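Just so we're clear, the structure is a prediction, and the values are computed from it rather than from any experiment. Residues: numbered from 1 along the sequence shown.
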Amino acid sequence: RGEDLGYPNPLPASVRILEEAYERSPATALAQAEVVLSARFEPWMAYTAGYVASLAGEWEAARRHLERLHESAADWRPFVMFPSTRTRLAVVLLRTGEAERAVELLDQALSTLQQDLQAGDEGFAIPLDIAMVYAVRGEKSAALRWLERAVQAGARDYRGLRLDPALEELRGEEHFHRILLRMEAEVQRMRREVEKNGAPSHAPLGNHDAPQRKLTGARRSRLHHSR
């Protein structure tokens, strides 16, 4: 049942579904997300469903969920460690044989992300998204450079990056695995610090509320009317 997963609050439900996908079964995680969506459309859950569907290799399901979200929130991301809906959809479209549209979306995503950088965004979400765009385009050197920038800015989700289909092109690169190992080591260091002192010296994992700022005004209104 949807309420068993935290519905109607979609954020904790999304987190639990991601845990299911990472730790046990992406297919089960997709089924759980679709239970929630069957009751009501939620942007967090639609993105989560699209992502875990891609982890499960259910590309048509991923396309269905992400297309609906893309109509009203192309530049939005539910968590700072994930790319925008537009980037995520492009990854899926490449798998469903729609390469021309995927390339168009990647170009649009890169343009928007560069504008965000010029506007002064200093978080890790933007360089991480750019790294994914370049990885999907097969530009490995550029992808690795931007991934390093994301790590320097605070990205630490080594577990998600290890699985993310957007970074598949980097999985054969030793540099990529070294980055993940550094991230994992830093997370372990911070955990030891928390156990010893009760709090880390800084907040490395990002603010889950931060990406929600993009879902305001006209975007929120369009999402409301799409339900």
Side-chain angles (χ1 to χ4, degrees), residues 3-26 28-29 32-33 36 44-45 47-48 51-52 54-55 76-84 87-88 113 116-117 119-132 134-135 140 143-168 170-215:
E3 57 267 31
D4 295 333
L5 297 170
Y7 184 83
N9 186 342
L11 191 55
S14 292
V15 171
R16 287 197 290 276
I17 287 169
L18 289 172
E19 286 294 325
E20 172 67 33
Y22 289 160
E23 299 291 344
R24 290 173 291 276
S25 168
T28 300
Q32 292 174 348
V36 179
W44 282 267
M45 195 56 62
Y47 188 105
T48 301
Y51 174 53
V52 299
S54 69
L55 292 179
W76 180 69
R77 59 181 61 83
F79 302 103
V80 290
M81 68 276 199
F82 285 153
S84 68
T87 303
R88 183 68 72 199
L113 292 164
D116 289 339
L117 284 177
D121 192 315
E122 298 180 355
F124 66 78
I126 302 305
L128 182 58
D129 202 336
I130 292 174
M132 290 184 172
Y134 279 124
K140 297 179 184 179
L144 289 165
R145 283 199 308 274
W146 282 97
L147 186 55
E148 287 280 13
R149 287 186 60 169
V151 173
Q152 291 168 9
R156 296 291 184 268
D157 184 28
Y158 64 91
R159 184 173 55 165
L161 296 181
R162 188 172 285 141
L163 297 173
D164 201 309
L167 297 175
E168 184 173 340
L170 300 183
R171 297 219 171 94
E173 301 295 316
E174 183 61 30
H175 187 178
F176 176 62
H177 294 288
R178 289 199 303 270
I179 291 172
L180 295 182
L181 287 173
R182 290 205 322 268
M183 294 170 73
E184 184 173 6
E186 177 63 11
V187 170
Q188 295 301 326
R189 184 196 67 78
M190 289 185 292
R191 285 176 177 162
R192 290 192 299 270
E193 185 175 335
V194 168
E195 291 171 359
K196 179 180 179 180
N197 302 321
S201 58
H202 60 289
L205 298 181
N207 180 355
H208 287 332
D209 294 331
Q212 297 174 30
R213 289 197 296 269
K214 287 214 171 194
L215 193 62

(message) Would the distance check show the side chain of R162 and the main-chain N or O of R171 forming a donor-acceptor pair, the cut-off being under 3.5 Å?
(response) no
(request) Quick one: pull up OG1 in T48 and CZ in F79 and give me the separation to the nearest 0.5 Å. (result) 5.5 Å
(request) Taking atom CD of E122 as the centre, report whether more than 12 heavy atoms of other residues, nucleotides or ligands fall under 6.0 Å from it. (result) no
(message) I need the L147 CG to M183 CE distance, nearest 0.5 Å.
(response) 6.5 Å
(message) Tell me the closest heavy-atom pair linking A143 and A135, and the distance in Å.
(response) CB-N, 3.6 Å
(message) Closer than 4.0 angstrom, basic N to acidic O: yes or no for E195 and R191?
(response) no
(message) Can you tell me how far apart CG (L170) and CG (L144) are? Round to the nearest 0.5 Å.
(response) 5.0 Å
(request) Output, in order, the C-alpha distance, side-chain angles, deciding distance and verdict of side-chain contact (heavy atoms from CB on, under 4.5 Å) for M132 and L161. (result) CA-CA 10 Å; M132 290 184 172; L161 296 181; 3.8 Å; yes
(request) For L18 and F82, run side-chain contact (heavy atoms from CB on, under 4.5 Å): C-alpha distance rounded to whole Å, both residues' side-chain angles, the deciding distance at 0.1 Å, then the answer. (result) CA-CA 12 Å; L18 289 172; F82 285 153; 3.9 Å; yes
(message) I need the minimum non-hydrogen distance between Y51 and P165, along with the two atoms involved.
(response) CE1-CD, 4.1 Å
(request) Report the distance from atom CZ of R156 to atom CZ of F124, rounding to the nearest 0.5 Å. (result) 8.5 Å
(message) Are K140 and H175 packed together at the side-chain level, in the sense that at least one heavy-atom pair is separated by less than 4.5 angstrom?
(response) no
(request) Measure the CH2-CZ distance between W44 and R77 for me, rounded to the nearest 0.5 Å. (result) 14.0 Å
(request) Output, in order, the C-alpha distance, side-chain angles, deciding distance and verdict of side-chain contact (heavy atoms from CB on, under 4.5 Å) for D164 and R88. (result) CA-CA 10 Å; D164 201 309; R88 183 68 72 199; 2.7 Å; yes
(message) Main chain of S84, side chain of D129: is a donor-acceptor contact present, judged purely on distance under 3.5 Å?
(response) yes
(message) I need the minimum non-hydrogen distance between P26 and V52, along with the two atoms involved.
(response) CB-O, 3.9 Å
(message) Applying side-chain contact (heavy atoms from CB on, under 4.5 Å) to E186 and R182, what does each step give before you reach the verdict?
(response) CA-CA 6 Å; E186 177 63 11; R182 290 205 322 268; over 6 Å; no
(request) Start with the C-alpha distance between R159 and E19, add both sets of side-chain angles, then the distance that settles salt bridge (Lys or Arg N to Asp or Glu O under 4.0 Å), and finish with yes or no. (result) CA-CA 10 Å; R159 184 173 55 165; E19 286 294 325; 2.9 Å; yes
(message) I need the L128 CG to L167 CG distance, nearest 0.5 Å.
(response) 7.0 Å
